[in-house]
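Everything below concerns the one structure shown next.
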2 protein chains.
Amino acid sequence: MKYIEKLRNSGLRPTKQRLQICEVLFDAEKTFHFTINDLANKIKKQLNNKISLATIYNTVHAFEKKGYLKQIPINSNQTYFDTNISDHHHFYDLKEEKLIDLENSDVGPINILKKIEGKKIKSVEVLVKLED
Amino acid sequence: MKYIEKLRNSGLRPTKQRLQICEVLFDAEKTFHFTINDLANKIKKQLNNKISLATIYNTVHAFEKKGYLKQIPINSNQTYFDTNISDHHHFYDLKEEKLIDLENSDVGPINILKKIEGKKIKSVEVLVKLED
DNA sequence: ACACTTTTTTAGAATGGTTATAAACTAGAC
DNA sequence: GTCTAGTTTATAACCATTCTAAAAAAGTGT
(Lines give C-alpha, C1' and ligand atoms only; values in the text may rest on other atoms or scores of the structure.)
Protein backbone atom coordinates (compact mmCIF):
# COMPACT_ATOMS: atom_id res chain seq x y z
CA MET A 1 0.00 0.00 0.00
CA LYS A 2 1.48 3.28 -1.14
CA TYR A 3 -0.25 5.35 1.53
CA ILE A 4 1.11 3.51 4.55
CA GLU A 5 4.37 5.41 4.41
CA LYS A 6 2.64 8.72 3.86
CA LEU A 7 0.46 8.27 6.92
CA ARG A 8 3.28 7.04 9.09
CA ASN A 9 5.42 10.00 8.12
CA SER A 10 2.61 12.27 9.27
CA GLY A 11 2.34 10.60 12.63
CA LEU A 12 -0.96 8.99 11.70
CA ARG A 13 -1.38 5.26 12.13
CA PRO A 14 -2.19 3.58 8.84
CA THR A 15 -5.52 2.09 9.78
CA LYS A 16 -7.81 0.28 7.36
CA GLN A 17 -10.23 3.21 7.34
CA ARG A 18 -7.59 5.84 6.70
CA LEU A 19 -6.07 3.83 3.87
CA GLN A 20 -9.48 3.40 2.27
CA ILE A 21 -10.18 7.10 2.54
CA CYS A 22 -6.79 7.78 0.96
CA GLU A 23 -7.74 5.56 -1.96
CA VAL A 24 -10.98 7.39 -2.58
CA LEU A 25 -9.41 10.82 -2.23
CA PHE A 26 -6.04 10.43 -3.88
CA ASP A 27 -6.34 7.62 -6.42
CA ALA A 28 -8.92 9.56 -8.43
CA GLU A 29 -7.86 10.54 -11.96
CA LYS A 30 -8.64 14.16 -11.33
CA THR A 31 -8.68 16.23 -8.19
CA PHE A 32 -12.16 17.07 -6.94
CA HIS A 33 -14.23 19.10 -4.53
CA PHE A 34 -16.38 17.44 -1.91
CA THR A 35 -18.39 17.79 1.26
CA ILE A 36 -18.21 15.25 4.06
CA ASN A 37 -21.52 13.88 2.89
CA ASP A 38 -20.29 13.53 -0.69
CA LEU A 39 -17.28 11.64 0.59
CA ALA A 40 -19.35 9.29 2.76
CA ASN A 41 -21.47 8.39 -0.26
CA LYS A 42 -18.45 7.94 -2.49
CA ILE A 43 -16.89 5.58 0.03
CA LYS A 44 -20.04 3.53 0.36
CA LYS A 45 -20.43 3.18 -3.39
CA GLN A 46 -16.80 2.88 -4.43
CA LEU A 47 -15.59 0.58 -1.65
CA ASN A 48 -18.92 -1.06 -0.88
CA ASN A 49 -18.06 -0.47 2.70
CA LYS A 50 -19.36 1.82 5.38
CA ILE A 51 -17.05 3.98 7.46
CA SER A 52 -18.53 5.79 10.41
CA LEU A 53 -19.30 9.46 9.81
CA ALA A 54 -17.28 10.41 12.87
CA THR A 55 -14.23 8.69 11.41
CA ILE A 56 -14.68 10.48 8.12
CA TYR A 57 -14.83 13.82 9.91
CA ASN A 58 -11.78 12.96 12.00
CA THR A 59 -9.78 11.76 9.04
CA VAL A 60 -10.63 14.65 6.76
CA HIS A 61 -9.66 17.11 9.46
CA ALA A 62 -6.46 15.24 10.17
CA PHE A 63 -5.57 15.24 6.47
CA GLU A 64 -6.38 18.93 6.22
CA LYS A 65 -4.14 19.72 9.15
CA LYS A 66 -1.33 17.78 7.49
CA GLY A 67 -1.88 19.67 4.24
CA TYR A 68 -3.24 16.78 2.16
CA LEU A 69 -6.56 18.54 1.71
CA LYS A 70 -7.64 22.15 1.59
CA GLN A 71 -10.81 23.76 2.81
CA ILE A 72 -12.43 26.04 0.28
CA PRO A 73 -13.52 29.38 1.73
CA ILE A 74 -17.11 29.76 0.68
CA ASN A 75 -20.34 30.50 2.45
CA SER A 76 -22.48 27.44 2.48
CA ASN A 77 -24.20 25.36 5.08
CA GLN A 78 -21.66 22.64 4.39
CA THR A 79 -17.87 22.73 4.38
CA TYR A 80 -16.21 22.12 1.05
CA PHE A 81 -12.84 20.42 0.70
CA ASP A 82 -10.50 20.12 -2.26
CA THR A 83 -8.06 17.33 -3.09
CA ASN A 84 -6.20 19.83 -5.25
CA ILE A 85 -3.73 21.32 -2.80
CA SER A 86 -1.79 23.30 -5.37
CA ASP A 87 -1.96 27.06 -5.22
CA HIS A 88 -5.17 27.84 -7.07
CA HIS A 89 -8.51 29.58 -6.93
CA HIS A 90 -12.19 28.96 -7.60
CA PHE A 91 -15.17 30.01 -9.58
CA TYR A 92 -18.43 29.51 -7.77
CA ASP A 93 -21.46 29.19 -10.01
CA LEU A 94 -24.23 30.63 -7.86
CA LYS A 95 -27.05 29.11 -9.88
CA GLU A 96 -25.70 25.58 -10.15
CA GLU A 97 -24.00 25.84 -6.74
CA LYS A 98 -20.92 24.31 -8.29
CA LEU A 99 -17.23 25.00 -7.82
CA ILE A 100 -14.80 25.16 -10.74
CA ASP A 101 -11.02 25.28 -10.44
CA LEU A 102 -9.15 28.34 -11.58
CA GLU A 103 -5.48 27.72 -12.14
CA ASN A 104 -3.11 30.26 -10.74
CA SER A 105 -2.23 31.24 -14.29
CA ASP A 106 -5.90 32.02 -14.96
CA VAL A 107 -5.82 34.74 -12.36
CA GLY A 108 -2.48 36.45 -12.77
CA PRO A 109 -0.23 37.60 -10.00
CA ILE A 110 -1.79 39.02 -6.87
CA ASN A 111 0.26 41.43 -4.93
CA ILE A 112 -0.84 42.24 -1.41
CA LEU A 113 0.53 45.69 -0.65
CA LYS A 114 -0.69 46.07 2.92
CA LYS A 115 1.37 44.51 5.69
CA ILE A 116 0.31 43.62 9.20
CA GLU A 117 2.95 43.95 11.90
CA GLY A 118 4.11 40.57 13.14
CA LYS A 119 1.99 38.52 10.76
CA LYS A 120 2.92 36.45 7.73
CA ILE A 121 0.71 35.71 4.78
CA LYS A 122 -0.20 32.04 4.84
CA SER A 123 -2.42 31.91 1.79
CA VAL A 124 -4.20 34.06 -0.74
CA GLU A 125 -7.48 32.68 -1.96
CA VAL A 126 -9.70 34.14 -4.64
CA LEU A 127 -13.37 33.29 -5.03
CA VAL A 128 -15.02 34.45 -8.24
CA LYS A 129 -18.79 34.29 -8.11
CA LEU A 130 -20.58 33.63 -11.39
CA GLU A 131 -24.11 34.51 -12.43
CA ASP A 132 -25.99 34.06 -15.70
CA MET B 1 -35.96 59.07 10.15
CA LYS B 2 -33.50 58.88 7.32
CA TYR B 3 -33.92 55.16 6.74
CA ILE B 4 -37.66 55.18 6.10
CA GLU B 5 -37.20 56.24 2.51
CA LYS B 6 -34.39 53.78 1.95
CA LEU B 7 -36.51 50.88 3.14
CA ARG B 8 -39.58 51.96 1.23
CA ASN B 9 -37.57 52.28 -1.97
CA SER B 10 -36.47 48.70 -1.48
CA GLY B 11 -40.00 47.46 -1.07
CA LEU B 12 -39.49 46.82 2.64
CA ARG B 13 -41.94 48.27 5.13
CA PRO B 14 -40.16 50.58 7.53
CA THR B 15 -40.99 48.80 10.74
CA LYS B 16 -39.66 49.80 14.14
CA GLN B 17 -37.36 46.77 14.21
CA ARG B 18 -35.91 47.37 10.76
CA LEU B 19 -35.25 51.02 11.52
CA GLN B 20 -33.50 50.11 14.74
CA ILE B 21 -31.36 47.55 12.96
CA CYS B 22 -30.51 50.21 10.36
CA GLU B 23 -29.35 52.50 13.13
CA VAL B 24 -27.05 49.92 14.63
CA LEU B 25 -25.66 48.86 11.28
CA PHE B 26 -25.39 52.10 9.35
CA ASP B 27 -25.02 54.89 11.90
CA ALA B 28 -21.74 53.46 13.18
CA GLU B 29 -18.68 55.66 12.66
CA LYS B 30 -16.82 52.90 10.89
CA THR B 31 -18.03 49.95 8.91
CA PHE B 32 -17.69 46.65 10.71
CA HIS B 33 -17.88 42.87 10.46
CA PHE B 34 -20.40 40.88 12.46
CA THR B 35 -22.18 37.61 13.00
CA ILE B 36 -25.89 37.43 13.73
CA ASN B 37 -25.06 36.82 17.34
CA ASP B 38 -22.78 39.86 17.50
CA LEU B 39 -25.57 41.95 16.05
CA ALA B 40 -28.16 40.66 18.50
CA ASN B 41 -25.88 41.61 21.40
CA LYS B 42 -25.10 45.00 19.92
CA ILE B 43 -28.80 45.72 19.57
CA LYS B 44 -29.54 44.68 23.11
CA LYS B 45 -26.76 46.83 24.53
CA GLN B 46 -26.99 49.81 22.21
CA LEU B 47 -30.75 50.14 22.03
CA ASN B 48 -31.53 48.52 25.35
CA ASN B 49 -34.15 46.63 23.48
CA LYS B 50 -34.57 43.04 22.42
CA ILE B 51 -35.43 42.09 18.87
CA SER B 52 -36.31 38.49 18.17
CA LEU B 53 -33.52 36.45 16.67
CA ALA B 54 -35.79 35.37 13.83
CA THR B 55 -36.36 39.00 12.93
CA ILE B 56 -32.67 39.73 12.95
CA TYR B 57 -32.04 36.81 10.61
CA ASN B 58 -34.86 37.92 8.33
CA THR B 59 -33.73 41.52 8.26
CA VAL B 60 -30.07 40.80 7.69
CA HIS B 61 -30.92 38.50 4.81
CA ALA B 62 -33.32 41.06 3.35
CA PHE B 63 -30.63 43.74 3.58
CA GLU B 64 -28.07 41.45 2.03
CA LYS B 65 -30.38 40.69 -0.88
CA LYS B 66 -30.88 44.41 -1.42
CA GLY B 67 -27.14 44.98 -1.37
CA TYR B 68 -26.93 46.90 1.91
CA LEU B 69 -24.78 44.20 3.47
CA LYS B 70 -22.29 41.69 2.14
CA GLN B 71 -21.54 38.18 3.28
CA ILE B 72 -17.85 37.48 3.75
CA PRO B 73 -16.74 34.17 2.24
CA ILE B 74 -14.85 32.44 4.99
CA ASN B 75 -14.99 29.04 6.59
CA SER B 76 -16.40 29.34 10.05
CA ASN B 77 -19.26 27.83 11.92
CA GLN B 78 -20.96 31.22 11.80
CA THR B 79 -21.76 33.48 8.87
CA TYR B 80 -19.93 36.80 8.79
CA PHE B 81 -21.44 39.96 7.34
CA ASP B 82 -19.88 43.29 6.47
CA THR B 83 -21.45 46.74 6.52
CA ASN B 84 -18.73 47.83 4.11
CA ILE B 85 -20.30 47.10 0.75
CA SER B 86 -17.58 48.74 -1.32
CA ASP B 87 -15.42 46.53 -3.49
CA HIS B 88 -12.80 45.27 -1.08
CA HIS B 89 -11.12 42.21 0.38
CA HIS B 90 -10.11 40.72 3.70
CA PHE B 91 -7.27 39.56 5.81
CA TYR B 92 -8.20 36.77 8.18
CA ASP B 93 -5.98 36.45 11.21
CA LEU B 94 -6.11 32.74 11.94
CA LYS B 95 -4.81 33.04 15.49
CA GLU B 96 -7.04 35.89 16.64
CA GLU B 97 -9.89 34.74 14.40
CA LYS B 98 -10.35 38.32 13.31
CA LEU B 99 -11.15 39.92 9.97
CA ILE B 100 -9.37 43.04 8.74
CA ASP B 101 -10.39 45.07 5.72
CA LEU B 102 -8.13 45.25 2.71
CA GLU B 103 -8.93 48.15 0.41
CA ASN B 104 -9.03 47.41 -3.24
CA SER B 105 -5.92 49.52 -3.66
CA ASP B 106 -4.09 47.27 -1.18
CA VAL B 107 -4.48 44.33 -3.50
CA GLY B 108 -3.92 45.67 -6.97
CA PRO B 109 -5.88 44.73 -10.07
CA ILE B 110 -7.06 41.17 -10.44
CA ASN B 111 -7.55 39.97 -13.93
CA ILE B 112 -9.52 36.77 -14.40
CA LEU B 113 -8.33 35.30 -17.69
CA LYS B 114 -10.53 32.22 -17.82
CA LYS B 115 -14.06 32.64 -19.15
CA ILE B 116 -17.03 30.36 -18.62
CA GLU B 117 -19.51 30.15 -21.48
CA GLY B 118 -22.78 31.91 -20.68
CA LYS B 119 -21.71 33.13 -17.24
CA LYS B 120 -20.86 36.59 -16.01
CA ILE B 121 -18.54 37.45 -13.15
CA LYS B 122 -20.58 38.81 -10.29
CA SER B 123 -17.81 39.40 -7.79
CA VAL B 124 -14.16 38.68 -7.10
CA GLU B 125 -13.30 38.22 -3.46
CA VAL B 126 -9.87 37.70 -2.01
CA LEU B 127 -9.22 36.19 1.40
CA VAL B 128 -5.68 36.49 2.73
CA LYS B 129 -5.00 34.23 5.68
CA LEU B 130 -2.45 35.45 8.21
CA GLU B 131 -0.32 33.49 10.62
CA ASP B 132 2.35 34.54 13.10
C1' DA C 1 -61.31 56.62 12.74
C1' DC C 2 -62.57 52.04 11.21
C1' DA C 3 -62.51 47.73 8.70
C1' DC C 4 -59.80 44.82 5.84
C1' DT C 5 -55.68 42.76 3.69
C1' DT C 6 -50.95 41.87 3.59
C1' DT C 7 -46.60 41.96 5.64
C1' DT C 8 -43.90 41.46 9.66
C1' DT C 9 -42.66 39.96 14.21
C1' DT C 10 -42.32 36.57 17.58
C1' DA C 11 -41.38 32.45 20.60
C1' DG C 12 -40.59 28.20 20.25
C1' DA C 13 -40.00 23.93 17.60
C1' DA C 14 -37.56 21.63 14.03
C1' DT C 15 -33.57 20.89 11.10
C1' DG C 16 -29.11 19.42 9.94
C1' DG C 17 -24.10 19.78 9.80
C1' DT C 18 -20.64 19.10 13.02
C1' DT C 19 -18.51 17.76 17.47
C1' DA C 20 -18.30 15.25 21.88
C1' DT C 21 -18.64 10.91 24.48
C1' DA C 22 -17.36 6.71 26.17
C1' DA C 23 -17.00 1.98 25.15
C1' DA C 24 -15.01 -1.47 21.95
C1' DC C 25 -11.26 -2.26 18.97
C1' DT C 26 -6.56 -2.11 16.79
C1' DA C 27 -1.71 -0.94 15.87
C1' DG C 28 2.75 -0.86 17.46
C1' DA C 29 6.24 -1.82 21.03
C1' DC C 30 8.34 -4.92 24.18
C1' DG D 1 1.15 -12.62 24.00
C1' DT D 2 0.64 -8.48 26.77
C1' DC D 3 0.39 -3.79 27.38
C1' DT D 4 -0.51 1.03 26.11
C1' DA D 5 -1.83 4.64 23.40
C1' DG D 6 -4.28 5.76 19.44
C1' DT D 7 -8.49 4.86 16.62
C1' DT D 8 -13.17 3.68 15.38
C1' DT D 9 -17.90 3.58 16.29
C1' DA D 10 -22.85 4.55 17.34
C1' DT D 11 -25.19 7.69 19.47
C1' DA D 12 -26.04 11.81 21.96
C1' DA D 13 -25.24 16.60 22.27
C1' DC D 14 -24.50 21.05 20.30
C1' DC D 15 -25.71 25.11 18.07
C1' DA D 16 -26.37 28.16 14.02
C1' DT D 17 -30.03 28.63 11.16
C1' DT D 18 -34.73 27.96 9.32
C1' DC D 19 -39.58 26.89 9.88
C1' DT D 20 -44.19 27.49 11.86
C1' DA D 21 -48.30 29.42 13.03
C1' DA D 22 -50.32 32.84 15.73
C1' DA D 23 -50.28 37.72 17.20
C1' DA D 24 -49.12 42.39 15.92
C1' DA D 25 -48.35 46.17 12.86
C1' DA D 26 -48.42 48.56 8.40
C1' DG D 27 -50.73 50.07 4.45
C1' DT D 28 -55.16 51.00 1.87
C1' DG D 29 -59.69 52.25 1.05
C1' DT D 30 -63.87 54.05 2.96
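Computed from a prediction, not measured in an experiment: that's the story for all the values here. Computed over heavy atoms, backbone and side chain alike; hydrogens, waters and symmetry mates excluded.
Using a cut-off of 4.0 Å between Lys/Arg side-chain N and Asp/Glu carboxylate O, K120(A) and D132(B) are scored as not salt-bridged.
Distance CG (N37(A)) to P (dT15(C)): 17 Å, rounded to an integer number of Å. Q20(A) has its CD atom 13 Å from the P atom of dT26(C), to the nearest Å. Rounded to whole Å, the distance from CG on N58(A) to P on dA20(C) is 10 Å. The interatomic distance linking N41(A) (CG) with dG17(C) (P) rounds to 11 Å, in whole Å. Put simply, CD on Q17(B) is 17 Å from P on dT7(C), counting in whole angstrom units. The interatomic distance linking Q78(B) (CD) with dG17(C) (C1') rounds to 14 Å, in whole Å. Here the P atom of nucleotide dT9(C) and the NZ atom of K50(B) are 13 Å apart, to the nearest Å. Here the C1' atom of nucleotide dA27(C) and the CG atom of L19(A) are 12 Å apart, to the nearest Å.
Counting non-hydrogen atoms of neighbouring residues, nucleotides and ligands closer than 6.0 angstrom, the NZ atom of K115(B) exceeds 12 such neighbours.
Checking E103(B) against S105(B) by side-chain atom types alone, no donor-acceptor pair falls below 3.5 Å. Neither side chain, D106(A) nor H88(A), offers a donor N or O lying under 3.5 Å from an acceptor on the other. Remark: the T35(B) side chain and the D38(B) side chain contain an N/O donor-acceptor pair separated by less than 3.5 Å.
Of the candidates dA11(C), dT18(C), dT9(C), dT18(C) carries the atom nearest the Y57(A) side chain, counting heavy atoms from C-beta on.
Using a 4.0 Å cutoff to heavy atoms of chain B, the contacted part of DNA chain D runs 5' to 3' from dA16(D) to dG27(D).
A tilted orientation is assigned to the rings of F26(B) and F63(B), their planes being inclined by 30° to 60°.
Using a 4.0 Å cut-off, some side-chain N or O of H61(A) falls inside it from OP1 or OP2 of dT19(C). Distances shorter than 4.0 Å separate none of the side-chain N or O atoms of K16(B) from OP1 or OP2 on dT8(C).
Across the interface with DNA chain C, nearest-nucleotide mapping of R13(B) and I56(B) shows R13(B) to be the residue nearer the 5′ end. Heavy-atom nearest nucleotides on DNA chain D were determined for R8(B) and for N77(B), and the one closer to the 5' end corresponds to N77(B).
The two residues K2(A) and D27(A) make their nearest non-hydrogen contact at NZ-OD1, 3.1 Å.
Backbone-only engagement by T79(A) is indicated by non-hydrogen atom pairs under 4.0 Å involving sugar-phosphate atoms exclusively. Across all strands, T15(A) comes closer than 4.0 Å only to sugar-phosphate atoms, never to a base (heavy-atom distances).
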